[in-house]
Amino acid sequence: MIGVFDSGAGGLTVLKAMRDVYPSIDVVYFGDTKNAPYGMRSREELSHLTVEGIRFLLEHGATAIVSACNSVSASLVLSLYEVLPLGNVPLIEMVGPCVSAFKGSRERIALCATVATVESGMYRDAFRMIGKDVTAFAIPELAGAIEKGEGEEAYERYIRTALAQVPPDLCDVLVLGCTHYPLVLDVFRRCAPGKRIFDPAEAVAERVLNDLWPREMGYGKTDFYISSESAQFREFAARLFPDAAYTVTVLS
Ligand code: DGL
């Protein structure tokens, strides 16, 4: 069973891409809606929440982990294997598969993400390893606004304000470095006309298939756990998985 972890609804976009290429997996998903958004939290807080999230997934039967949260990527370089009974449980995160997808590309890349992700420098460093410089900028309010369902007008304002810092001729492709952002893909398209918009979810899903097939074989079932009630989470899950049977358990 694959354990998927995010601060809330963002990981649903990654799960959707995983299901598209690898339908037979069983998934236990933990969305930490009580502590979302993560992107404004300190490195210490994120490390603690990451350990607790992954511990929860292991206790609920996960035999592989997908961290569908960019904001905690820096915490994953911690010695998680020292702190948690991970054994031989593989851990797949967002940054590596995303950056690998640009090997050999000549496109100029801008990356938008949460404050935590941008400040961690994880993407910048990983892109440098393949010889690419990226312009990274934060959209501080956006993930939280999506969790709360503030609406398209607010999303557009946040995106336009952040994009104004990036000269339009500086990039060919805009990478969505936060898994919440594809939930408002249409708004990004409106705000960045003429740019290719890249959602890393597909690259992560390919990595999952490549690394975990055929070891992870199940019946296609999904159990969602959220740490506090969230109408938004339920709405996004219904939108992305209209035909799927799944359970949602609220933990508090
Ligand atoms: N969706 C997560 C990410 O990719 C977390 C966003 C947040 O909670 O601020 O970074």
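Note that ligands are numbered from 1 as they come in the structure, with each ligand's atoms numbered from 1 the same way. Residues take their numbers from the sequence shown, with the count starting at 1.
- Each ring pair (Phe, Tyr, Trp, His ring centres under 6.0 Å) pair with one or both residues in residues 158-212, not counting sequence neighbours, appears once here: F102-F198, Y181-F188.
- L12 has its side chain within reach of F233: a pair of non-hydrogen atoms, C-beta onward, lies under 4.5 Å apart.
- Considering only residues two or more places apart in sequence or on other chains, K221 meets the side chain to side chain donor-acceptor pair (under 3.5 Å) condition with D223.
- Between R190 and E152, at least one side-chain N (NZ, or NE/NH1/NH2) sits under 4.0 Å from a carboxylate O, which counts as a salt bridge.
- Contacts of D125 classified as side chain to side chain donor-acceptor pair (under 3.5 Å), with partners at least two apart in sequence or in another chain: none.
- Listed by chain and number, D6, S7, P37, Y38, G39, C69, N70, S71, T114, A143, C178, T179, H180 each place a non-hydrogen atom less than 4.0 angstrom from ligand 1.
- No donor-acceptor contact under 3.5 angstrom links the side chains of T117 and S120, judged on distance only.
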